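Values in this document were obtained by computation on a predicted structure and should not be read as measured data.
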Amino acid sequence: MISALHIRNVGIIDDITIDLNDGLNILTGETGAGKTLIIDSLQIISGGRFSKEMIRKGEEFSFVEVSIYLPEHEQSIDGNIIISREIYLNGRNTCKINGRLVSVTELRSFMKDILDIHGQNENQTLLDVSSHIKYIDEFASKDISKVKTEYGLLYEKYNEIKQEINKNFGDDKEKQRELDLLKYQKNEIEEAKLKENEEEELEDIRNKMLNSEKIVSNLSEAEEQINNIAIDAISLAVRALEKIENIDTKYENSLNTLKGIYYDIQELSRDIEGYSEETYFDEDERNRVEERLDLIYTLKRKYGNSIKEILKYNLEINERIEKIENSEEYVNKLKQDLKEIKLKMSKIAKDMNKIREKYANILSEKVNKELKDLEMKNAKFFIHIEYDENGKFTQNGLDKIEFMISTNIGEDEKPLAKIASGGEMSRIMLGIKNVLADVDRVSTMVFDEIDTGISGMAANATSEKLKSISKKHQVLCVTHLANIAAKGDYNYYISKEASENRTKTSIKRLSEEETIKEIARIASGNIDEISLEHAKNLRKTA
């Protein structure tokens, strides 16, 4: 759920933070106070489009941030996920999830399973025919999930084989051109006779070459100091101790130790002399190393970032050459594989169709019951499923699904998208959402003035459905109806005030007494004894 929403510089909103809760969160307030801007801000943080006209006048940017509490989510930190989006007048757009920069596309993808926004004219998912099959599959998830996963793996393989056939089924001239290029690349790589660790060894040698003068100079100085000072000094010390070694055994022990040091230093001197000889590189050797490194760099630029990648690419070239040279046989095998996979996919697609038919009938019955509760007694909701066994395979099989409805007796069923009444659309959406509440993965649902165009019994039924949905999901609802406001678990009042020639929005969570006064104001436009009594009754009933 969304635990906090922070908005800066969006329209007349200066800087507000809203602490939200689980259950039904009701947003009410005076016209033009900024209720819609709060919904707009949620659209922004969901990766929606943004117009620079929404940036508060005189400011350079707009900023929206939400704290989401989802303890079981893989990206949560101590159960929390922080998401932010900052948009500037110059068009710069910064999106972050837990401080990590993401694209708007990534943000939109991340938020689609967290936040679902519905408005009077914004039931996008319900109006999008391609999403209808998802509603059915969510409802049928218990029976269809395993089958759909099996189909998905085959569908992925099906597309891979089709691409491979297209790749190998070109004309002879095209294949010959590709073959010539591949053989050229193969020869270039294999003639180089690369070894996996060769580059590191050559870099090490070149480094020694570049520093050879410095190495030789310092080795010579070290050898000179050892021979002219250290060895002579230790030799004198040995002779001195030899004169007294018979007096006490401790002198003899020190002498033996010193002689050992003398021999070690002599060995070290010979080693350093050998290092100097090893450090000498003639011009031919220098040229050989540089030419070899240049060749490796050229091949890396063409075929991979390392020798290991180049050698791997060469293996791929050999496989591709073999496929082209035996393309007819290879393509025939691919076609046979594709035929077998299509048979398996057709069988599973038919199984999915049967499951969807079963659950579509159940869902239709449940939605029609919901519509009756929502005072749409003459409406008939129907789910049209077309199984096209000769059609093109999609990620969902061979089914085409569309929601249909007849809102009045005697009228034909029409696509849901062609219904004119926003009030009817809102109630249909509420009915579907209420039926799917148990399987819908979205944690937070937002309803923006979906009560427009309804009143009386329909309004009361709408409030009941919102309350029902809020038992399974966090719900945010902007409303003008007292019936709905009375159902709120938490009520917020949005107002605006003018100061220093600027208007800004403020928001306040209402106490129980303040909530009753607000319900009274919405119900009658005035707060008096009659309206307060009515508000108390609505609240008591809720």
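Evaluation of the side chain to side chain contact (heavy atoms under 4.5 Å, CB included) rule for Asp113 yields Arg441 as partners, not counting sequence neighbours. In terms of the ring-ring contact (aromatic ring centres under 6.0 Å, His included) criterion, residue partners of His73 (sequence neighbours excluded) are, by chain and number, Phe110. With sequence neighbours left out, Asn353 forms a side chain to side chain contact (heavy atoms under 4.5 Å, CB included) with Lys350, Glu357, Ile385, Tyr387, Asp399. In this structure, Tyr490 has no ring-ring contact (aromatic ring centres under 6.0 Å, His included) partners at least two apart in sequence or on a different chain. Applying the side chain to side chain contact (heavy atoms under 4.5 Å, CB included) rule to Asn361 yields no partners; only residues at least two apart in sequence or on another chain are considered. The salt bridge (Lys or Arg N to Asp or Glu O under 4.0 Å) test applied to Lys508 returns Glu514, not counting sequence neighbours. Looking at residues two or more places apart in sequence or on another chain, you find no ring-ring contact (aromatic ring centres under 6.0 Å, His included) involving Tyr492. A search for ring-ring contact (aromatic ring centres under 6.0 Å, His included) contacts involving Tyr88 returns Phe61, not counting sequence neighbours.
When atom types are taken as modelled, the side chain of Arg85 and the backbone of Ile44 share a donor-acceptor pair closer than 3.5 angstrom. The backbone N or O of Glu411 lies less than 3.5 Å from a partner atom in the side chain of Ser406, making a donor-acceptor pair. In this structure, the side chain of His132 engages the main chain of Phe403 through a donor-acceptor pair within 3.5 Å. Glu365 places no side-chain N or O within 3.5 Å of a backbone atom of Ile362 that could act as its donor or acceptor partner. Judged by distance alone, the side chain of Gln474 and the main-chain N or O of Ile2 form a donor-acceptor pair under 3.5 Å. Formation of a donor-acceptor pair under 3.5 Å by the Ser443 side chain with backbone atoms of Ile114 is found in this model. Distance alone, capped at 3.5 Å, is enough to place a donor-acceptor pair between the Arg502 side chain and the Lys57 backbone. In this structure, Gln336 contributes its side chain and Asn332 its backbone to no donor-acceptor pair below 3.5 Å. Between the side chain of Arg56 and the backbone N or O of Asn9, no donor-acceptor pair lies under 3.5 Å. At distances below 3.5 Å, not a single donor-acceptor pair connects side-chain atoms of Ser41 with backbone N or O atoms of Val64.
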Quiz item: Are Thr505 and Ile507 close enough, and set up right, to give a side-chain contact (heavy atoms from CB on, under 4.5 Å), and what steps lead you there?
Solution: CA-CA 7 Å; Thr505 295; Ile507 186 164; 5.6 Å; no
Self-check item: Stepwise salt bridge (Lys or Arg N to Asp or Glu O under 4.0 Å) check, Lys465 with Asp373
Solution: CA-CA 9 Å; Lys465 298 305 176 187; Asp373 293 344; 3.1 Å; yes
Practice problem: For side-chain contact (heavy atoms from CB on, under 4.5 Å), just list the numbers for Asn491 and Arg539, CA-CA rounded to whole Å, side-chain angles, deciding distance to a tenth of an Å, and then say yes or no. | Solution: CA-CA 12 Å; Asn491 289 64; Arg539 191 69 168 158; 4.0 Å; yes
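How far CD1 of Ile68 is from CG of Leu115: 7.5 Å, rounded to the nearest 0.5 Å. In this structure, CG on Leu42 lies 12.0 Å from CG on Asp116, to the nearest 0.5 angstrom. One finds the CG atom of Asp40 at 13.5 Å from the CD1 atom of Ile45 (value rounded to the nearest 0.5 Å). Atom-to-atom distance recorded for Leu476:CG and Asp448:CG is 10.5 Å, nearest 0.5 angstrom. Taking NZ of Lys372 as the reference point, atom CG of Asn378 lies at 8.5 Å (rounded to 0.5 Å). Taking CG of Asn93 as the reference point, atom SG of Cys95 lies at 4.5 Å (rounded to 0.5 Å).
Around the NZ atom of Lys300, the shell of radius 6.0 Å holds more than 12 heavy atoms that belong to other residues, nucleotides or ligands. At most 12 non-hydrogen atoms from other residues, nucleotides or ligands lie less than 6.0 angstrom from CZ of Arg49. Atom CD of Glu513 sits in a sparse spot, with 12 or fewer heavy atoms from other residues, nucleotides or ligands closer than 6.0 Å. In this structure, Gln75 places its CD atom where more than 12 heavy-atom neighbours from other residues, nucleotides or ligands lie under 6.0 Å away. Under a cut-off of 6.0 angstrom, the local environment of CD1 in Ile530 is sparse, with at most 12 non-hydrogen atoms contributed by other residues, nucleotides or ligands.
By the 4.5 Å heavy-atom criterion applied to side chains, Glu106 and Ser103 are counted as neighbours. In this structure, Leu37 and Ile39 have side chains that are not in contact, with every pair of non-hydrogen atoms separated by 4.5 Å or more. In this structure, Tyr151 and Val147 have side chains that are not in contact, with every pair of non-hydrogen atoms separated by 4.5 Å or more. Counting heavy atoms from C-beta outward, Arg108 and Lys112 have side chains that stay 4.5 Å or more apart. Contact annotation: the side chain of Glu413 never approaches that of Ile405 to less than 4.5 Å [non-hydrogen atoms, C-beta and beyond].
Ionic pairing of Asp489 and Lys467 is present here: one or more N-O contacts between side-chain nitrogen and carboxylate oxygen are shorter than 4.0 angstrom. We find that Lys377 and Glu375 are joined by a salt bridge, their nearest charged nitrogen and carboxylate oxygen being less than 4.0 Å apart. Between Lys504 and Asp15 there is no salt bridge, since no side-chain N of the basic residue sits under 4.0 Å from a carboxylate O of the acidic one. In summary, Lys96 and Glu86 do not engage in a salt bridge, as defined by a charged side-chain N under 4.0 Å from a carboxylate O. Salt-bridge formation is not detected for the pair Lys496/Glu30: no Lys NZ or Arg NE/NH1/NH2 atom is positioned less than 4.0 Å from an Asp or Glu carboxylate oxygen. Residues Glu65 and Arg8 are not paired through a salt bridge, judged by the lack of any N-O separation under 4.0 Å between the basic side chain and the carboxylate.
Of all heavy-atom pairs between Leu154 and Ile341, the closest is O-CG2, 3.9 Å. Minimum interatomic distance between Ser46 and Ile117 (heavy atoms only, all atoms of both residues): OG-CD1, 4.2 Å. When all heavy atoms of Glu389 and Leu398 are compared, the closest pair comes out as CA-CD1, 3.9 Å. Nearest heavy atoms, Ala459 versus Asn483: O-CB, 4.3 Å.
Sorted by first then second residue, the side-chain hydrogen bond (donor to acceptor under 3.5 Å, both in side chains) pairs that include residues 139-150, not counting sequence neighbours, are Asp137-Lys148, Asp143-Tyr359, Lys148-Asn396. Within the structure, no pair that satisfies the ring pair (Phe, Tyr, Trp, His ring centres under 6.0 Å) test touches residues 516-542, not counting sequence neighbours. Residues in residues 3-51 take part in these ring pair (Phe, Tyr, Trp, His ring centres under 6.0 Å) pairs, two or more places apart or across chains: His6-Phe63.
Note: Phe393 and Tyr155 fail the aromatic proximity criterion, with ring centroids not under 6.0 Å apart.
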Quiz: residues 515-527 side-chain donor-acceptor pairs under 3.5 angstrom, not counting sequence neighbours:
unit_1, atom_1, unit_2, atom_2, d
Thr515, OG1, Ser511, O, 2.8
Glu518, OE1, Arg521, NE, 2.9
Glu518, OE2, Thr28, OG1, 2.9
Glu518, OE2, Arg521, NH2, 2.7
Ser524, OG, Ala520, O, 3.2
Ser524, OG, Asn526, N, 3.3
Ser524, OG, Asn526, O, 2.8

